[in-house]
Amino acid sequence: MLDRRAFLTAGGASLAMLGRDTPVRAQGATVRRRSIRGMSMNDPDLAAMRRAVARMKALPQSDPRNWLRFADIHRNFCPHANWYFLPWHRAYILAFERICQELSGKPDFALPYWNWTADRQFPAAFAAGDRNSNPLFHPRPGVVSGLRLPDDMVGPAVMSQIMSSPDFEAFGSTRPAGQNSTAASWQRRPGAATAFEFNPHNGVHQAIGGNMAVIALSSRDPIFFLHHCNVDRIWTAWNRRGNANSPEPMWRDFAFSGNFVDGAGSPWNVGVGQLNSPAALGYRYDDDEGPFAADLVRADSDLMTEKLHAYRRMESRALNVPGHGAGLHRIELPSGGAIYAAAAENEQVASRDRPIGISVPLGRPLGEILGPYALAFRPDRPDVKKYRRYVWAALRGIEPPLDATTRLRVFVNCHELSPRTRLSDPSYANSVSFFGGAHAGHGEAVAGGSSVYVDLTHTLARLDHPRSLRADRLTVQLLPSCSNSDANVSNVRPRRVELVIL
Ligand code: C2O
C-alpha cells in the first residue's frame, strides 16, 4: 500500500505505480496541444477530431463513447461552482482526447485549444458547412450573427486579474460549504464560483448559446472541448507562475469514480491528486514554459498564506458570519494576524434600469482596518502582482435571472451608478455570467441560489482616495445588463453580501 503522503510529495513520479486505474500513455509520449488560431482547415489534428467526432456520433448507444452518451457524462457528473471544477473538466477533456486518439487513427492526436483572449471570433473550422458536411458543426445562436467576445469577459485585464489569484480556491472556485470528507456526494455540492469560472468560463458558454449555454447539454457541442482546453491551459499557466494547487486532502484525495471512460471505452477512475500536472497525464501546451508549481509547498511563515488557509478552513466548518448590523467580526490567527468579516442581508432586486447598492457596515473606516499601503503590491512578488491585503465580496443566494445571457455588473462605492455608467469607471469590479440555471438539470447544486466571490481589491486600490477608504461602510452595487429588453427577465437578487478582509 502506497503511503498517501509519500505519493503526494513524489508527485507525478509515482503515478505509474498506481496501476490499472491510471492509464499512462503506453508509448510514454507527450502530445502537444496547440492553439486553433492559425491552424489550416485541414490541419492533421483538426482532421483527426472531425473523424473521431463523426465516429462517436455513429457509434451505437451501447458504446459509452457514443457522442450523446459521452456528453451525458457531463450532465451527470460535472461539478460547477466548487473546487472540483478544474480537475474534473481536465479529466473529461483528457478522456475525450484519448477517445479521439483511438477512433481517429491518429494516436498522437492533441486537442486544440481556443484562446479566446487572443481570438475573439468563433473558430471557423467549427462553423463551416452544416450538420452533414462537418462533424464539428453545431447550431449556435450566438455565432450565426458573428461572435465578438468583449474585453470585460475575456480581455487581458480580466485575465491578468485571474492570474494574480492568491490561492487555488481564489483561482478555481471554492470548496463546498461545510465539506468535511471526500465522500462522492460532495462532488457537486455548491461552493462559490470565482472570477475564472463565473466570468470568462460561464460568459463564453452563454455567448455561444444553444446547447453550450446549458450545463446539461453543453458538451454536445464540439466547441465545448476547445473551450475547456483553453480553461485547462490557463490553469497550467497559473501553476507555471509559481502558484500551487490546493494542499487540502479533501481536494487532493477526492476520487472521480465511475465518471469517465478511457480511449477504449472502459471505466477510468481518477483522483484529483493525479490530475495535478499535464506532464504526468501525457500532454503539454505549445506555450508552456518555465517551472511548474502545482506541488509547490509554500512557507508557513507567510502571513497571507496563513490567512488564506485559516479562511478556507472556516468555510469547511460552514461558519456563518453574523448578519446585518453585527458590524465587523475579527478572527484572530495564532501568529497575531487577523481576518475581518462583515455581512449584510438584502431584499432588493436589481434590474437593468435600476441598480441596487448593498451597504455593509464595518464600524470603522476601511482604510483603518486595512492599514497603510495595504493595497500596494507585495514587494517580494512584483512579477505576479500579489496584494498585501485582499478584500472580497461574497454574493450569496443569488437567484439567477430568467434570461441567462444577463451579465451582472458589480461595482463598489460608485457615487452615481446608473445604467449609463461605463465599465471603464474606476468603481467597476467584475461581471458575473450565469451557467446552468433552472433548466440545467444540475440536481441539488443551485437550490437556494448560487454564490460568487468578487475580488474587490484591484478596484479599491484604484479608488484609493479618501472618500472610499474613510467611510465606515462599503457599498457593493449590482447592475444587470442584458440585450433582451423584456421587462424583468434580467432581474437578480442576492440574499446576502459578505465582506472578507484578509
Ligand atoms: Cu461543465 Cu464549461 O462546463
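Numbers here are sequence positions counted from 1.
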Short side-chain donor-acceptor distance under 3.5 Å, [Y] and [X]:
X      : Y      : value
Asn82  : Gln179 : no
Gln206 : Ser433 : no
Trp235 : Asn245 : yes

Should the pair Arg33 and Tyr283 be classed as cation-pi, given the thresholds of under 6.0 Å to the six-membered ring centre and 45° from the axis?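 Judged by the rule (NZ or CZ under 6.0 Å from the ring centre, within 45° of its axis), Arg33 counts as positioned above Tyr283.
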Flag the pair Trp116 / Val231 as yes when at least one side-chain heavy-atom distance between them is below 4.5 Å, and no otherwise.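 When only atoms from C-beta onward are counted, Val231 and Trp116 do touch, with a gap below 4.5 Å.
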Whether over 12 other heavy atoms sit under 6.0 Å from Arg354 CZ: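 Not more than 12 within 6.0 Å, no.
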Counting only heavy atoms not in Glu332, do more than 12 fall under 6.0 Å of its CD?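 Yes, enclosed.
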So that I know where these two stand, are [X] and [Y] an aromatic pair - ring centroids less than 6.0 Å apart?
X      : Y      : result
His227 : His89  : no
His228 : Tyr92  : no
Phe168 : Trp251 : yes
Phe256 : Phe77  : no
Trp88  : His74  : yes

Mark yes or no for whether [X], through its side chain, and [Y], through its backbone, hold a donor-acceptor pair below 3.5 Å.
X      : Y      : answer
Arg233 : Ser35  : no
Glu498 : Ala394 : no
Trp114 : Phe122 : no

What's the spacing between [X] [atom1] and [Y] [atom2] if we round to 0.5 Å?
X      : Y      : atom1 : atom2 : result
Ile356 : Thr475 : CD1   : OG1   : 11.5 Å
Ser451 : Phe198 : OG    : CZ    : 11.5 Å
Asp152 : Arg422 : CG    : CZ    : 13.0 Å
Met153 : Asn202 : CE    : CG    : 9.5 Å
Ile339 : Glu306 : CD1   : CD    : 8.0 Å
Tyr311 : Tyr390 : OH    : OH    : 15.0 Å

Run Glu416 and Thr421 through side-chain contact (heavy atoms from CB on, under 4.5 Å) and show every step you take. CA-CA 8 Å; Glu416 277 169 272; Thr421 306; over 6 Å; no
Would Asn180 and Trp186 count as a side-chain contact (heavy atoms from CB on, under 4.5 Å) here? Give the steps. CA-CA 9 Å; Asn180 56 11; Trp186 289 104; 3.6 Å; yes
Carboxylate-amine/guanidinium proximity below 4.0 Å for [X] and [Y]:
X      : Y      : answer
Arg189 : Glu315 : no
Arg175 : Glu248 : yes
Asp232 : Arg90  : yes

Quick one, Ser165 with Phe196, criterion side-chain contact (heavy atoms from CB on, under 4.5 Å). Give me CA distance, side-chain angles, the key distance, then yes/no. CA-CA 10 Å; Ser165 308; Phe196 188 19; over 6 Å; no
Assess whether side-chain contact (heavy atoms from CB on, under 4.5 Å) is satisfied between Asp403 and Asp486, documenting all intermediate values. CA-CA 9 Å; Asp403 186 324; Asp486 293 353; over 6 Å; no
